[in-house]
Amino acid sequence: MSERSVRIEGAAHIPAEWGRPRTAVRKGTISLREPSGNETFAKPWGTLSARPGEDYVAVEESGDEYPIKKAIFARTYEAVAPGRYRKSAPSRLVQVPEGWTAVLATLEGKIVVRHPDYVAIGPDGEVYANARDWVAANLEFIE
């Protein structure tokens, strides 16, 4: 059986047969920094970009970094200690089923996601990827 591929530009494009998104909350905290010029971040599923004035760079406790839109950060994170923030908005995720490839049109660039990783849905219906190992280490499913 050949692998099926789907382009996902937002939450409405996630195939219904993948099931309903699961809700999760963030366990840890992040710090922030401004991008030093246009920065790119190579992730297993693609390359993401951060632009000065538009994005922050989120820095996890592990040191891993990724871009986040300033407007989305302002609506979805809260300060929990000086210079430390926790995502207060719950995450919604759908695991990519076996036999599927998802090509995501994210706010930071195009990325390719396969099983066992997740398509995460942002507060405005935007999509991004979360690796299964990252989800296990950083999120707790509440449903």
Side-chain angles (χ1 to χ4, degrees), residues 3-52 54-143:
E3 190 165 270
R4 295 172 68 182
S5 181
V6 61
R7 180 173 170 78
I8 299 176
E9 296 182 17
H13 297 113
I14 297 171
E17 61 260 41
W18 289 15
R20 296 187 58 159
R22 295 175 63 196
T23 301
V25 293
R26 188 73 183 252
K27 295 179 195 176
T29 63
I30 62 167
S31 62
L32 294 175
R33 68 173 180 80
E34 292 286 337
S36 56
N38 290 330
E39 289 189 53
T40 57
F41 299 84
K43 299 297 178 186
W45 47 80
T47 302
L48 306 176
S49 299
R51 294 173 182 82
E54 188 176 322
D55 300 304
Y56 287 123
V57 176
V59 183
E60 293 186 1
E61 294 165 352
S62 67
D64 189 34
E65 296 182 327
Y66 55 89
I68 184 168
K69 297 291 179 206
K70 286 184 173 184
I72 291 173
F73 173 83
R75 288 194 325 266
T76 60
Y77 280 75
E78 64 185 3
V80 294
R84 302 300 302 176
Y85 306 89
R86 178 174 285 120
K87 188 171 185 181
S88 56
S91 296
R92 296 183 309 135
L93 303 103
V94 176
Q95 191 170 38
V96 177
E98 288 188 58
W100 282 85
T101 297
V103 180
L104 306 183
T106 75
L107 298 174
E108 294 81 19
K110 181 181 99 171
I111 56 178
V112 177
V113 186
R114 292 181 175 83
H115 182 80
D117 295 333
Y118 290 84
V119 174
I121 303 164
D124 296 327
E126 74 278 11
V127 292
Y128 54 99
N130 282 156
R132 176 182 60 179
D133 293 345
W134 185 91
V135 168
N138 294 288
L139 298 178
E140 180 179 335
F141 285 104
I142 57 174
E143 316 186 321

Notebook entry, point to check: Can you name the salt bridge (Lys or Arg N to Asp or Glu O under 4.0 Å) partners of Glu17, sequence neighbours left out?
Noted result: Arg4
Check: Ala24 and Leu139: which non-hydrogen atoms are nearest, and at how many Å?
Finding: CB-CB, 4.0 Å
Item checked: Non-hydrogen atoms of Tyr77 and Arg26 that approach each other most closely -> OH-NH1, 3.6 Å
Item checked: Over all atoms of both residues, closest heavy-atom pair of Ala129 and Leu104 -> N-CD1, 3.9 Å
Notebook entry, point to check: Checking side-chain contact (heavy atoms from CB on, under 4.5 Å) for the pair Val59/Glu65: CA distance, chi angles, key distance, verdict?
Noted result: CA-CA 5 Å; Val59 183; Glu65 296 182 327; 3.5 Å; yes
Margin query: In the structure I gave you, are the side-chain heavy atoms of Leu93 and Pro21 within less than 4.5 Å of one another anywhere?
Written below: no
Checklist line | Close side-chain approach of Tyr66 and Ile30, heavy atoms under 4.5 Å | finding: yes
Check: Hey, is NZ on Lys110 packed in by over 12 heavy atoms from elsewhere, all under 6.0 Å?
Finding: no
Next item on the list: With the side chain counted from C-beta on, respond yes when Glu126 and Thr106 share a heavy-atom pair under 4.5 Å apart, and no when they do not.
Entry: no
Margin query: Tell me the closest heavy-atom pair linking Pro35 and Asp55, and the distance in Å.
Written below: CD-O, 3.3 Å
Margin query: Would Glu54 and Lys69 count as a salt bridge (Lys or Arg N to Asp or Glu O under 4.0 Å) here? Give the steps.
Written below: CA-CA 6 Å; Glu54 188 176 322; Lys69 297 291 179 206; 2.7 Å; yes
Distance-only donor-acceptor pairs under 3.5 Å for side chains of residues 117-124, two or more places apart:
unit_1 : atom_1 : unit_2 : atom_2 : d
Asp117 : OD1    : Arg132 : N      : 2.8
Asp124 : OD1    : Arg75  : NH2    : 2.9
Asp124 : OD2    : Arg75  : NH2    : 2.6

Checklist line | Heavy-atom closest pair, residues Val94 and Trp18 | finding: CG1-CB, 3.7 Å
Check: Is there a side-chain contact between Lys43 and Ile111, using heavy atoms and a 4.5 Å cut-off?
Finding: no
Under 3.5 Å, sequence neighbours excluded: what are the donor-acceptor pairs made by side chains of residues 6-16?
unit_1 : atom_1 : unit_2 : atom_2 : d
Arg7   : NE     : Glu9   : OE2    : 3.0
His13  : ND1    : Glu9   : N      : 3.4
His13  : ND1    : Gly10  : N      : 3.3

Next item on the list: Compare every heavy atom of Val57 with every heavy atom of Ala50, then report the nearest pair and how far apart it is.
Entry: CB-CG2, 4.2 Å
Check: Say you draw a straight line from OG of Ser62 to CG of Asn138; how long is it, rounded to the nearest 0.5 Å?
Finding: 7.0 Å
Check: How would you list, by chain and number, every residue that makes a salt bridge (Lys or Arg N to Asp or Glu O under 4.0 Å) with Arg114, sequence neighbours excluded?
Finding: Glu3
Margin query: Checking the side chain of Ser88 only, and the main-chain atoms of Thr76 only, is there a donor and an acceptor separated by less than 3.5 Å?
Written below: yes
Next item on the list: Just jot down the salt bridge (Lys or Arg N to Asp or Glu O under 4.0 Å) partners of Arg84, sequence neighbours excluded, or say none.
Entry: Glu61
Margin query: Run the ring-ring contact (aromatic ring centres under 6.0 Å, His included) test against Tyr56 and tell me which residues pass, sequence neighbours left out.
Written below: Phe73
Margin query: Other residues, nucleotides and ligands only: do more than 12 of their heavy atoms fall within 6.0 Å of CD on Glu34?
Written below: yes
Check: What distance separates Lys27 NZ from Glu140 CD, expressed to the nearest 0.5 Å?
Finding: 6.5 Å
